[in-house]
Trainee: 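One structure, as structure tokens, below. Some questions next.
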Amino acid sequence: MAEIRTRFAPSPTGYLHLGGLRTALYAYLFAKQRGGRFILRIEDTDQEREVEGAVELIYQSLHKAGLEYDEGPDVGGEYGPYIQSQRKGLYLPYALQLLESGAAYPCFCTREELQQRRDAVTAQGGQFKYDKHCLNIPKEEAKRRMESGEPFVIRQNIPTEGVASFEDLLYGHVETDCAILDDNVLIKADGLPTYNFANVIDDHLMAITHVIRGTEYLSSTPKYNLLYEAFGWQPPVYLHLPVVMKDATRKLSKRHGDPGFEDLLAEGYVRDAILNFIALLGWAPKDDREFFTLDELVEAFDVDGLSKSPSIFNTDKLVWFNAEYIKRMNFEDYLAMVTPWFDKALAGKNIDYRRLAELMHTRTEVFNRVPEMVGFLAELPVYPIDLYTHKKMKTDPALSLRVLKLTLGPVAALADFSEDALKECLMGLAAEHGLKTGQMMWPVRVALSGLPSTPGGATEIAYLIGREETMDRLSVGINMLEQYCSMMKIDLE
RNA sequence: GGCUCCAUGGUCAAGCGGUUAAGACGUCGCCCUCUCAAGGCGAAAUCAGGGGUUCGAUUCCCCUUGGAGCUACCA
């Protein structure tokens with residue numbers, strides 16, 4: 001049996017979006033699982049849409065994703081070149097062959113003429129389809145005009161009756177009446193092929209056995225099969241994948257500001273979490289497993305588990321996956337990854353990153369949320385007095401004021417400013433004055449953080465910000481509470 | 001509009017003629033607890049509608065509805 005060869009064939013029009021990443025992933029898994037090869041081909045036949053630097057971005061993204069291709073523009077291979085614009089001369093002879101057999105014909109209609117006719121038809125509510133106008137030009141005349149340098153395109157000559165069809169691994173038999181199919185342009189006036197032609201020629205020339213791509217090609221694939229037939233070539237096996245949606249009606253798209261793969265990485269999602277999540281978007285394994293490394297996916301992937309309907313990209317679940325991957329990371333790796341994010345909020349401050357990382361490890365969902373979570377360590381936020389009122393902790397401003405005053409002396413006097421010593425000190429004070437743990441800890445934590453919730457409690461925060469800052473913040477709290485109590489005329493026994 | 005495709009909770013989804021219709025995320029509750037997380041336990045929530053076929057339909061067929069893709073000298 002021939003070697004399995006799949007390809008990922010993006011156009012360099014921007015960043016690698018998540019739908020593209022998923023297509024690439026499945027194509028990669030499909031090939032690798034069968035010991036085949038995964039090929040990257042750049043489809044840049046539309047020079048106008050090409051975005052500067054996009055090709056390099058594709059290489060980079062694929063490498064970052066770990067989807068290493070066996071053949072491609074930057075890695076070489078025996079079927080190159082792998083960039084269509086560099087294969088320019090290859091296509092015309094094939095088109096000429098089709099011209100010869102009648103499966104295609106030259107067309108001299110200009111864009112303007114076409115547009116006029118199109119407008120005329122659509123204005124009346126009809127729908128335009130190329131009328132084979134130039135098919136009737138005698139061969140001799142056509143040849144003369146082509147050689148005279150008159151601009152022309154080459155169109156596929158689709159039969160006027162019968163059906164065109166193909167078999168899809170996921171969707172099964174798909175067919176369309178030829179009568180409604182348009183005579184697509186195969187070779188543009190600039191001599192470059194359109195996607196419709198180039199994909200067929202290149203897939204054949206590159207010995208692609210399985211074409212895995214999005215469903216946007218589902219309805220035009222019957223036409224491609226007509227081309228294979230015209231050449232007498234064996235068509236590849238097709239596998240079309242449903243699109244990835246942003247919500248029920250909108251496709252995920254870069255244009256609407258939806259994040260691409262690289263954006264997600266930059267936001268602090270880890271690669272494996274993204275890949276794992278993406279793999280499960282539109283595919284389900286035979287069992288209930290949901291954590292897979294790339295290698296495990298290679299093993300587990302199967303076409304049976306693919307779903308036919310579009311699936312919505314659900315950020316909540318991605319966040320969960322990310323948090324899970326972070327929790328499972330060993331601590332040293334986590335510390336290394338989180339350090340730059342700590343720096344964004346705490347640079348220049350003398351904070352024990354290692355201890356902070358211990359506290360943050362199970363609390364990190366996405367790295368870009370870290371700076372905001374730890375920023376209070378660098379600077380005490382302005383906070384409302386009613387933070388001191390907590391029903392469950394049984395605290396109010398009056399009690400809080402009493403508690404803070406109580407702590408001031410003992411905390412200042414602590415010989416050892418460690419979490420253990422702090423805890424012992426505060427718990428001792430609570431016991432001594434008949435206070436519940438929460439009544440002691442809540443006011444202190446609020447005074448030290450100014451926040452309703454923090455990573456770590458009162459003693460951890462005190463340790464992290466140090467004695468001096470702790471004393472300052474306690475004093476700030478006391479001042480606030482004294483002012484408040486006197487203003488509200490609260491009796492302080 | 002035409003063509004192609006799709007349709008199980010809010011989301012990802014299992015199911016492939018007979019099930020109490022899995023599981024996960026999210027949501028809610030409880031436990032744990034110096035706050036919040038993490039962790040543990042539990043709950044609510046789904047077969048779009050209508051016809052058939054069948055002893056029996058979530059499952060097969062048709063229609064309706066809804067959605068998506070295509071309808072370029074874009075891919």
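Hydrogens, waters and symmetry mates play no part in the numbers below; they use all other heavy atoms, side chains included. In what follows, every chain begins at residue 1, and chains take the letters A, B, ... in the order their sequences are listed. Here the structure is a predicted model, which is why all the values come from computation and not from measurement.
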Trainee: Do any N or O atoms of the protein come closer than 3.5 Å to N or O atoms of nucleotides 25-30 of chain B, and which pairs are they?
Mentor:
| residue | atom | partner | partner atom | Å |
| --- | --- | --- | --- | --- |
| B:rC25 | O2' | A:K317 | N | 3.4 |

Trainee: What integer number of Å spans the P atoms of B:rA21 and B:rA57?
Mentor: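 Result for the P pair: 15 Å, nearest Å.
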Trainee: What is the nucleic acid contact for A:K392, judged by heavy atoms within less than 4.0 Å: base, sugar-phosphate only, or nothing?
Mentor: base
Trainee: Paired with B:rC41 by Watson-Crick or G-U wobble geometry, both distances under 3.5 Å: which nucleotide is it?
Mentor: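 Base partner found: B:rG29.
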Trainee: Is there side-chain contact between A:Y94 and A:L205, with heavy atoms separated by less than 4.5 Å?
Mentor: yes
Trainee: On the side chain of A:T176, is there an atom forming a donor-acceptor pair with the base of B:rU4 - under 3.5 Å, no angle test?
Mentor: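 Checked by distance alone, the answer is no.
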Trainee: Which of the following nucleotides, B:rC12, B:rC5, B:rA37, is nearest to the side chain of A:Y171?
Mentor: B:rC5
Trainee: Could you tell me which nucleotide pairs with B:rG23 by Watson-Crick or G-U wobble geometry, both distances under 3.5 Å, or answer none if nothing does?
Mentor: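 Pair assignment: B:rG23 / B:rC12.
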Trainee: Please state the C1' separation for the pair B:rG69 and B:rC74 - nearest whole angstrom.
Mentor: 15 Å
Trainee: For A:E290 and A:N276, test the side chains for any donor-to-acceptor distance below 3.5 angstrom and give the result as yes or no.
Mentor: no
Trainee: Between the side chains of A:Y130 and A:N184, does any donor sit under 3.5 Å from an acceptor?
Mentor: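 No - no donor-acceptor pair under 3.5 Å links their side chains.
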Trainee: Look through every strand shown and name the nucleotide pairing with B:rC34 as Watson-Crick or G-U wobble, where both distances are under 3.5 Å.
Mentor: none
Trainee: On RNA chain B, check which nucleotide each of A:F313 and A:T454 is closest to and give me the residue with the more 5' one.
Mentor: A:F313
Trainee: Between A:F367 and A:M337, is a side-chain contact (heavy atoms from CB on, under 4.5 Å) present by the stated rule, with each step listed?
Mentor: CA-CA 8 Å; A:F367 281 105; A:M337 281 194 81; 3.8 Å; yes
Trainee: When rounded to the nearest Å, what value does the distance between P atoms of B:rU46 and B:rC36 take?
Mentor: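 Per the computed distance, 32 Å lies between those P atoms.
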Trainee: When the distance from CG of A:L306 to C1' of B:rC12 is rounded to whole Å, what number comes out?
Mentor: 14 Å
Trainee: Expressed as a whole number of Å, how far does the P atom of B:rA7 sit from that of B:rC63?
Mentor: 15 Å
Trainee: If the P atom of B:rG51 is compared with that of B:rG67, how far apart are they to the nearest Å?
Mentor: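 About 23 Å, rounded to a whole number of Å.
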Trainee: Using a heavy-atom cut-off of under 4.0 Å over every strand shown, decide if A:E460 touches base, sugar-phosphate, or nothing.
Mentor: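 Base, at least one base heavy atom under 4.0 Å.
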Trainee: Could you tell me the separation between the CG atom of A:D304 and the P atom of B:rA13, rounded to a whole number of Å?
Mentor: 15 Å
Trainee: Is it true that A:D182 and A:K129 make a salt bridge, defined as a side-chain N closer than 4.0 Å to a carboxylate O?
Mentor: no
Trainee: Partner of B:rG1 by Watson-Crick or G-U wobble geometry, both contacts under 3.5 Å, or none?
Mentor: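 When the pairing criteria are applied, B:rU71 turns out to be the nucleotide that pairs with B:rG1.
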Trainee: How would you label the contact of A:T13 with the nucleic acid (heavy atoms, under 4.0 Å): base, sugar-phosphate, or nothing?
Mentor: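 No contact.
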Trainee: Can you check the A:D247 CG to B:rG66 C1' distance for me, whole Å?
Mentor: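 So the two atoms are 15 Å apart, to the nearest Å.
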Trainee: May I ask you to say whether A:R41 pairs ionically with A:D203, meaning some side-chain N is under 4.0 Å from a carboxylate O?
Mentor: yes
Trainee: For A:Y334 and B:rA38, what is the distance between atoms OH and P respectively, to the nearest whole Å?
Mentor: 14 Å
Trainee: Atom CH2 of A:W283 and atom C1' of B:rA14: how far apart are they, to the nearest Å?
Mentor: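 Going from A:W283 (CH2) to B:rA14 (C1'), I get 13 Å.
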Trainee: Would you say A:Y388 and A:D396 are linked by a side-chain donor-acceptor pair, where the criterion is simply a distance under 3.5 Å?
Mentor: no
Trainee: Just call it for A:T362: base, sugar-phosphate, or nothing, with non-hydrogen atoms closer than 4.0 Å on any strand.
Mentor: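 The residue A:T362 makes base contact.
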Trainee: Taking 4.0 angstrom as the limit, do A:D420 and A:K423 come out as a salt bridge?
Mentor: no
Trainee: Kindly indicate whether a cation-pi arrangement holds for A:R354 with A:F331, taking the cut-offs as under 6.0 Å to the six-membered ring centre and within 45° of the axis.
Mentor: no
Trainee: For the pair made of NZ in A:K308 and P in B:rA13, what is the distance, rounded to whole Å?
Mentor: 14 Å
Trainee: In whole angstrom, give the distance that lies between atom CG of A:D288 and atom C1' of B:rA13.
Mentor: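 In whole Å, B:rA13 C1' lies 10 Å from A:D288 CG.
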Trainee: Between B:rG23 atom P and A:F291 atom CZ, what is the distance in whole Å?
Mentor: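 It works out to 17 Å between those atoms.
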Trainee: Indicate whether OP1 or OP2 belonging to B:rC5 is found under 4.0 Å from a side-chain N or O atom of A:S309.
Mentor: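 A:S309 to B:rC5 OP1/OP2: no side-chain N or O under 4.0 Å.
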Trainee: Looking for any heavy atom pair under 4.0 Å, which part of the strands does A:G282 touch: base, sugar-phosphate only, or nothing?
Mentor: sugar-phosphate
Trainee: Between B:rC47 and B:rC70, how far apart are the P atoms? Round to whole Å, please.
Mentor: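 Approximately 31 Å lies between the P atom of B:rC70 and that of B:rC47.
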Trainee: Take nucleotides 68-75 of chain B nucleotide by nucleotide from the 5' end and write B, S or -, depending on whether a protein heavy atom sits under 4.0 Å from the base, only from the sugar-phosphate, or from neither.
Mentor: SBS-SBBB
Trainee: Charged N to carboxylate O below 4.0 Å: is that the case for A:D131 and A:R117?
Mentor: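 Result for this pair is yes, salt bridge flagged.
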Trainee: For B:rU4 and B:rU8, measure between their C1' atoms and round to the nearest Å.
Mentor: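 Rounded to whole Å, the distance is 24 Å.
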Trainee: B:rC6 and B:rA48: how far apart are their P atoms, nearest whole angstrom?
Mentor: 15 Å
Trainee: What's the closest nucleotide to the A:K327 side chain, out of B:rC12, B:rC5, B:rG39?
Mentor: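 That would be B:rG39.
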Trainee: Counting only heavy atoms not in A:H133, do more than 12 fall under 6.0 Å of its NE2?
Mentor: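 No, the 6.0 Å shell around NE2 holds no more than 12 heavy atoms from other groups.
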Trainee: Would you please say whether a donor-acceptor pair under 3.5 Å links the side chains of A:S418 and A:D416?
Mentor: yes
Trainee: Given B:rC3, B:rA14, B:rC12, which nucleotide is nearest the side-chain atoms of A:L281?
Mentor: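 Nearest nucleotide to the side chain: B:rC12.
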